[in-house]
Amino acid sequence: MATVSLSSVPKRLRMVEDFRCTSCQELNLEESADIYCEACQKFYCKRCGHLHNQLSTEHTTVGVGDIKKWPVPKEVEDFLRMCEAHEDKTLTQFCQDHTQLCCSDCVVKIHSQCSKVTQISELTNSQPTGLEGLSVELETVLGEIKTLQISQKASIQSLQRTYKEHSAVMIEQMLGNLNTYIDECDNSSVGTSGGNEQYLKEEMCRSVLSIVNEFDNITAKELNEMKDEVISIKESVTSSIHKCTTLHNDLSQFHELVQKIGDNKELCLIASIKCKHIIQQALTLLGKSGKAFNVQRKSVHNVRIPSDSVTCDISGICVLPDGQVLVADFDNKRVKLLSQQYQVVSHWDVNAYPRDICLITPNEVAVAVNDDDSKIHEVQFITVNQGKLVPGRKFQLQHECRGIAHHLGDLFVTSGKELYKYSLNGKLICSLYGDRSGDYTVRKCAVSPTGDRLYITSFWQHKLLTLARDGTLLATYTDTALGGPHGLHVTPADQVLVCGRWSDTVLQVGWEGESKLATFATQEDGVRRPWSVCYSSTTSSIIVGQRRDNILVFRVE
């Protein structure tokens with residue numbers, strides 16, 4: 001259903017100023033109405049109402065104190081009854097198969113084969129038409145949309161600051177290298193002869209040129225890559241802000257409408273149905289759809305390549321917008337690129353165990369790389385370029401690096417016992433959450449599409465934790481089917497998927513993190529030691545990473 005536009009509807013839909021005295025209008029005068037006569041079906045100002053009451057003592061009138069009993073303004077009724085698909089037609093029926101309001105053209109052209117098409121007038125006796133609860137729901141969603149808008153605008157500002165800070169640091173490093181080298185040359189030139197001095201000057205020029213060229217070739221490339229990331233993320237955020245603004249405007253005007261629409265049952269029902277469609281769009285944007293997946297079919301794909309030395313254990317999965325898939329092969333210390341048909345087309349060896357992977361831009365990912373023995377804890381960026389994996393910049397961490405997630409320029413990294421937030425240039429912003437009561441209390445992490453909630457798995461405690469963006473604990477979920485929770489993923493519609501490593505199970509949990517929506521897959525579906533999970537919007541598939549050299553792909557709806 002298309003987004004409704006309410007720009008033609010007055011902002012004050014049931015205010016007294018919207019009603020004019022009928023008698024005065026007949027004399028080309030403009031006076032606000034004070035009473036409505038049901039028998040005459042006319043509005044009267046105080047003066048005309050006094051005359052009316054004297055002449056028609058038997059008529060019952062309704063004052064402004066009961067304005068909801070006044071007729072709905074014509075422009076409001078016309079708007080509510082107008083069909084969005086055929087603007088010259090009036091809504092008269094409701095298709096229960098598609099939960100859509102219909103005009104006569106809709107019924108003939110779109111819903112002729114539907115089994116449950118009913119007259120709206122017949123539904124008013126069987127469907128609730130009260131709008132009080134809907135008004136509260138609208139108000140709640142409006143607040144959440146506004147909060148999301150503010151958060152998104154702040155994210156853009158943060159991204160721009162991060163890029164400027166990183167540029168300044170890189171330039172400062174280059175200047176520092178130049179100054180250090182010049183100082184060394186000054187010290188070594190003391191007491192040298194003219195010939196040697198000329199040689200030192202030439203050597204200095206060559207070295208300075210080398211430092212500048214190194215900056216141009218490496219640092220400038222890194223800055224350009226980061227600039228591209230900022231532009232890509234900014235475009236995505238700007239598009240989301242536009243959607244928020246459109247929905248916020250529509251919700252605001254409907255919020256005013258439902259409070260002042262009166263007691264007309266048909267109009268209340270139409271308004272309720274239209275409102276619910278817009279609210280559903282808003283909930284999807286906010287990531288609160290709460291729909292359980294329905295599996296259509298399953299396939300198994302081998303991701304082992306001849307040069308692999310041991311069995312593949314897929315510790316992380318990331319899907320690019322074009323449908324290509326990147327997987328982190330833990331034991332082989334590799335990141336592999338899979339085609340849309342899940343065939344390995346490229347790979348890149350990393351210097352330690354790849355623990356997790358997340359999307360940064362449409363063609364770049366960040367990999368959490370960790371090896372406790374060699375003390376390697378780093379984030380490695382990798383770009384997909386024409387079917388090849390190309391390593392980019394990386395930064396070191398002062399703690400273990402076991403899980404990673406990204407949202408609008410913020411990197412969330414787990415150490416096993418803490419959740420940290422970093423900028424894209426590797427600057428530690430803060431520690432968001434910690435639990436040092438045991439091992440792997442903060443194993444993997446994921447972030448909601450709107451960025452307002454974070455999810456972490458607590459491995460040995462068999463828990464899924466839900467946090468607010470500031471790290472406040474919102475919910476704790478435990479389940480006997482969730483033995484050793486490890487990998488997790490949040491879809492664009494805020495459907496939370498979590499792997500039970502020891503229970504051989506993948507569960508779908510509600511976005512609140514408090515209850516299970518469904519047991520998505522078990523041993524009977526071929527699940528063995530699931531370590532990672534990811535949803536592909538391109539193919540409507542859920543990909544499960546595990547041991548045994550293969551991944552499971554479930555086509556869902």
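Computed from a predicted model, the values in this text were never measured in an experiment.
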key: Spacing of Ser374 atom OG and Asn351 atom CG [to the nearest 0.5 Å]   = 7.5 Å

key: Between OH on residue Tyr433 and CG on residue Leu467, distance to nearest 0.5 Å   = 6.5 Å

key: Ser437 versus Asp435, side-chain donor and acceptor atoms under 3.5 Å   = yes

query = Thr361 and Asn363: side-chain donor and acceptor closer than 3.5 Å?
reply = yes

message = Could you check whether any side-chain heavy atom of His301 comes within less than 4.5 Å of a side-chain heavy atom of Gln341, counting everything from C-beta outward?
response = no

query = Where do Ile317 and Cys534 come nearest, in terms of heavy atoms and distance?
reply = CG2-CB, 3.7 Å

key: Check ion pair Arg402-Asp439 (N to O, under 4.0 angstrom)   = no

task = Could you give me the CA-CA distance, side-chain angles and deciding distance for Lys417 and Glu400, then say whether side-chain contact (heavy atoms from CB on, under 4.5 Å) is met?
result = CA-CA 9 Å; Lys417 295 184 179 181; Glu400 293 181 21; over 6 Å; no

inquiry  = If you compare all heavy atoms of Leu320 against all heavy atoms of Thr538, which two are closest, and at what distance to 0.1 Å?
reply    = O-OG1, 4.2 Å

remark   = Correct closest heavy-atom pair for Cys358 and Leu411 would be SG-CD2, 4.3 Å

request  = Please say which of Leu482, Thr457, Thr478 ends up in a side chain to side chain contact (heavy atoms under 4.5 Å, CB included) with Lys463.
outcome  = Thr478

ask   = Do Lys333's NZ or CZ and the ring of Tyr353 fall within the cation-pi criteria of under 6.0 Å and 45°?
value = yes

note = Rounding to 0.5 Å, atoms OG1 (Thr383) and CZ (Arg393) come to a distance of 8.5 Å

key: Considering all heavy atoms, the nearest Thr414-Val442 contact   = CB-O, 3.5 Å

query = Do Ser541 and Tyr342 touch side chain to side chain, with heavy atoms closer than 4.5 Å?
reply = yes

ask   = So how far is it from Thr491 OG1 to Gln508 CD, rounded to the nearest 0.5 Å?
value = 7.5 Å

ask   = For the side chain to side chain contact (heavy atoms under 4.5 Å, CB included) test, which of Val498, Leu517, Val533 pairs with Leu507?
value = Val498

inquiry  = One pair to check against side-chain contact (heavy atoms from CB on, under 4.5 Å): His377 and Asp372. What are the steps and the verdict?
reply    = CA-CA 8 Å; His377 317 301; Asp372 295 337; 3.9 Å; yes

query = Does the Ser532 side chain pair with the main chain of Gly487, one donor and one acceptor, at a distance under 3.5 Å?
reply = no

inquiry  = Testing Ile382, Val345, Val365 one by one against Leu389 for a side chain to side chain contact (heavy atoms under 4.5 Å, CB included), which residue passes?
reply    = Ile382

task = Describe, in one word, how the ring planes of Trp502 and Trp460 are oriented to each other, choosing from parallel (under 30°), tilted (30 to 60°) and perpendicular (over 60°).
result = parallel

ask   = Is the backbone of Phe330 close enough, under 3.5 Å, to the side chain of Arg355 for a donor and an acceptor to pair up by distance?
value = no

inquiry  = Quick one, Ser415 with Tyr420, criterion side-chain contact (heavy atoms from CB on, under 4.5 Å). Give me CA distance, side-chain angles, the key distance, then yes/no.
reply    = CA-CA 8 Å; Ser415 67; Tyr420 298 92; 3.9 Å; yes

note = d(Leu419 CG, Leu465 CG) to nearest 0.5 Å is 10.5 Å

ask   = Do the side chains of Cys401 and Val379 get nearer than 4.5 Å, heavy atoms only?
value = yes

request  = List the steps, then state whether side-chain contact (heavy atoms from CB on, under 4.5 Å) holds for Cys312 with Asn332.
outcome  = CA-CA 7 Å; Cys312 303; Asn332 288 296; 3.9 Å; yes

query = Hey, does Lys298 have a side-chain heavy atom less than 4.5 Å from the side chain of Val553?
reply = no

remark   = side chain to side chain contact (heavy atoms under 4.5 Å, CB included) with Tyr455: of Thr466, Leu474, Val509, only one passes, and it is Thr466

query = Looking only at atom types and distance, does a side-chain atom of Asn302 sit under 3.5 Å from a main-chain N or O of Asn550, one as donor and one as acceptor?
reply = no

query = Do Val527 and Thr522 have side chains that get closer than 4.5 Å, going by heavy atoms?
reply = no

query = Do the ring centers of Phe293 and Phe554 come within less than 6.0 Å of each other?
reply = no

note = Taken to the nearest 0.5 Å, the spacing of Phe381 CZ from Leu424 CG works out to 5.5 Å

ask   = Under 3.5 Å, is there a donor-acceptor pair between the side chain of His347 and the main chain of Val335?
value = no

inquiry  = Please check this pair: side chain of Asp356 against backbone of Ile404, looking for a donor-acceptor N/O pair closer than 3.5 Å.
reply    = yes

task = Find out whether Arg528 and Gln523 are in side-chain contact, i.e. whether some heavy atom of one side chain is under 4.5 Å from a heavy atom of the other.
result = yes

key: Residue of the set Arg501, Arg529, Arg548 for which salt bridge (charged side-chain N to carboxylate O under 4.0 Å, His left out) holds with Asp313   = Arg501

ask   = What heavy-atom pair brings Ala405 and Ala446 nearest, and what distance separates the two atoms?
value = CB-CA, 4.1 Å

Minimum heavy-atom distance between Leu432 and Arg469, given as atom pair plus value = CD2-O, 3.5 Å

Donor-acceptor pair, side chain of Ser503 and main chain of Gly483, under 3.5 angstrom = yes

query = Do Leu454 and His407 have side chains that get closer than 4.5 Å, going by heavy atoms?
reply = no

query = Does Leu497 offer a backbone N or O that forms a donor-acceptor pair with the side chain of His489 under 3.5 Å?
reply = no

request  = Answer yes or no: is there an ion pair linking Arg334 with Asp308, defined by an N-O contact shorter than 4.0 Å?
outcome  = yes

query = Mind checking whether Thr539 and Gln340 have side chains closer than 4.5 Å, heavy atoms only?
reply = no

